[in-house]
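Have a look at the structure below before the remarks.
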Amino acid sequence: MDVKVIAFDADDTLWVNEPYFRRAEEEFCNLLSEYLQPHALERELLKIEIDNLPLYGYGVKGFMLSMIETALKISDKTISMEHIEKILDLGKNLLNEPIDLLDGVEEVLETLKDKYRLVVATKGDLLDQERKLKKSGLSHYFHHIEIMSEKDDANYRKLIKHLDILPENLVMVGNSLKSDILPVLNIGGYGVHVPYHITWVHEQIEHTIENKNFRSVENIKEILQFL
């Protein structure tokens, strides 16, 4: 391995994220329980979220708009303004959640910062991700911050071009096999999967990964054994 840059995903790799969305979704389902059963409502919301990704991208604001659209649809546009206000509050609360660093993150960054260039490579809403990074207190560890609209082969190629490195100089560390690992492996880089106990359905894959450049660890601190 000729590693020069280590890129880290942000949400659910550096800090807690998905549990906050799950809690908001649960509150949303409770709020609209008079219209639809929770499981059916979750499926409807997920469908609308995915349909809206090309328009809104990832993040809280798109999630909030998708909740409102779902509420209008299942209520046949009879949803009250009070309910709409409560949905908006769910989104605003998400934007103000505390930043809770995951176990071992700061130790890993402190250990690696003098050996490699460290980068954040994440996706989502620009303002929200910048806010979270600032609140995390981790900004000083990173040489570069890349907030992508989508994590795909093309955007990772743009990243390595910007960093002036070869694909084999990059290790990507993240919790999503679909977004953090597979695209980097596709372009010839290295991927280290750090599973998180909750993963959004849209980020899940069903097949196993067989690639010499792929590793999976239980805790982010394990990467110090080979980096």
Side-chain angles (χ1 to χ4, degrees), residues 9-100 121-133 146-156 174-183 193 195-207:
D9 173 53
D11 295 333
D12 299 319
T13 298
L14 298 179
W15 53 67
V16 174
N17 181 66
E18 186 61 22
Y20 297 145
F21 277 84
R22 293 293 177 91
R23 186 171 66 197
E25 187 177 274
E26 183 178 343
E27 292 176 12
F28 173 72
C29 290
N30 290 336
L31 180 65
L32 299 180
S33 59
E34 63 190 279
Y35 296 102
L36 207 59
Q37 290 295 315
H39 289 306
L41 186 50
E42 287 172 7
R43 288 194 298 271
E44 190 63 39
L45 175 58
L46 177 63
K47 180 181 181 303
I48 288 174
E49 277 187 274
I50 292 173
D51 287 345
N52 283 337
L53 284 177
L55 291 172
Y56 305 143
Y58 297 87
V60 174
K61 295 171 189 175
F63 179 62
M64 191 189 311
L65 288 169
S66 293
M67 285 193 291
I68 292 172
E69 184 178 337
T70 303
L72 289 168
K73 181 178 179 181
I74 68 166
S75 70
D76 197 24
K77 299 183 181 179
T78 64
I79 195 77
S80 69
M81 289 306 299
E82 182 182 1
H83 278 73
I84 296 294
E85 287 178 356
K86 288 180 178 179
I87 293 170
L88 288 172
D89 285 340
L90 289 176
K92 289 177 180 178
N93 290 339
L94 271 176
L95 290 169
N96 288 300
E97 290 286 4
I99 301 302
D100 186 11
T122 189
K123 64 182 178 183
D125 179 78
L126 177 63
L127 289 177
D128 188 29
Q129 293 294 57
E130 288 180 338
R131 175 193 61 83
K132 287 192 282 189
L133 187 60
E146 188 78 14
I147 300 175
M148 306 174 185
S149 57
E150 186 64 81
K151 282 182 163 179
D152 54 21
D153 298 13
N155 280 321
Y156 279 110
N175 69 293
S176 170
L177 291 169
K178 179 179 178 181
S179 293
D180 301 323
I181 305 303
L182 286 176
H193 183 223
Y196 190 63
H197 67 283
I198 301 176
T199 303
W200 188 32
V201 173
H202 187 61
E203 292 294 331
Q204 297 175 13
I205 64 171
E206 296 182 359
H207 63 280

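The chain is numbered in sequence order, starting from 1.
To the nearest 0.5 Å, the span separating CG on Asn96 from OH on Tyr20 amounts to 11.5 Å. Distance check, rounded to the nearest 0.5 Å: CG of Leu88 to CE of Met64 gives 6.0 Å. Annotation: the span from Leu90 atom CG to Glu85 atom CD amounts to 12.5 Å, rounded to 0.5 Å. Put simply, CD1 on Ile48 and OG on Ser66 are 7.0 Å apart, with the number rounded to the nearest 0.5 Å. We find the CD-CE distance between Glu27 and Met67 to be 9.5 Å, quoted to the nearest 0.5 Å. Taken to the nearest 0.5 Å, the CG atom of Leu41 stands 9.0 Å off from the OG atom of Ser33.
Around the CD atom of Gln37, the shell of radius 6.0 Å holds no more than 12 heavy atoms that belong to other residues, nucleotides or ligands. For His197, the NE2 atom counts as densely surrounded, since its 6.0 Å shell holds more than 12 non-hydrogen atoms of other residues, nucleotides or ligands.
The pair Asp9-Lys151 meets the salt-bridge criterion, since a charged nitrogen lies less than 4.0 angstrom from a carboxylate oxygen. A salt bridge does not link Glu69 with Lys73: none of the charged nitrogens is closer than 4.0 Å to a carboxylate oxygen. Comment: Arg22 does not engage Glu26 in a salt bridge, judged by the lack of any side-chain N to carboxylate O separation of less than 4.0 angstrom. Using a 4.0 Å cut-off between charged nitrogen and carboxylate oxygen, Lys132 and Asp11 count as a salt-bridge pair. A salt bridge does not link Asp128 with Lys61: every distance from a Lys NZ or Arg NE/NH1/NH2 to an Asp or Glu carboxylate oxygen is 4.0 Å or more.
Looking at heavy atoms from C-beta onward, Tyr196 lies in side-chain contact with Val16 at the 4.5 angstrom threshold. Within the 4.5 Å cutoff, the side chain of Trp15 has no heavy atoms near those of the Asp100 side chain. Side-chain contact check for Tyr156 versus Asp180: some heavy-atom pair is nearer than 4.5 Å. Residues Pro183 and Asn155 have side chains not in contact (no heavy-atom distance under 4.5 Å, counting atoms from C-beta outward). Leu32 is listed as a side-chain neighbour of Ile79, based on a closest heavy-atom distance under 4.5 Å. His83 has its side chain within reach of Leu31: a pair of non-hydrogen atoms, C-beta onward, lies under 4.5 Å apart.
Ala24 and Phe63 get closest at one heavy-atom pair: CB-CE2, 4.1 Å. Taking all atoms of both residues into account, the shortest heavy-atom contact from Pro38 to Cys29 is O-SG, 3.9 Å. Residues Asn17 and Asp12 approach most closely at N-OD1, 2.8 Å, considering heavy atoms. Scanning all heavy atoms of the two residues, the minimum distance from Ala71 to Ile87 falls at CB-CD1, 3.7 Å.
Between Ser149 and Lys123, the side chains place no donor N or O within less than 3.5 Å of an acceptor N or O (distance only, hydrogens not considered).
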Evaluation steps, side-chain contact (heavy atoms from CB on, under 4.5 Å), between Thr78 and Tyr35 = CA-CA 11 Å; Thr78 64; Tyr35 296 102; 4.2 Å; yes
message = Using side-chain hydrogen bond (donor to acceptor under 3.5 Å, both in side chains), reason through Tyr58 and Glu150 one step at a time and then give a plain yes or no.
response = CA-CA 8 Å; Tyr58 297 87; Glu150 186 64 81; 2.9 Å; yes
request  = Any chance you could lay out the side-chain hydrogen bond (donor to acceptor under 3.5 Å, both in side chains) test for Thr122 and Gln129, step after step, and finish with the verdict?
outcome  = CA-CA 8 Å; Thr122 189; Gln129 293 294 57; 3.0 Å; yes
query = Does the pair Arg23 and Glu97 meet the rule for a salt bridge (Lys or Arg N to Asp or Glu O under 4.0 Å), with working shown?
reply = CA-CA 11 Å; Arg23 186 171 66 197; Glu97 290 286 4; 2.5 Å; yes
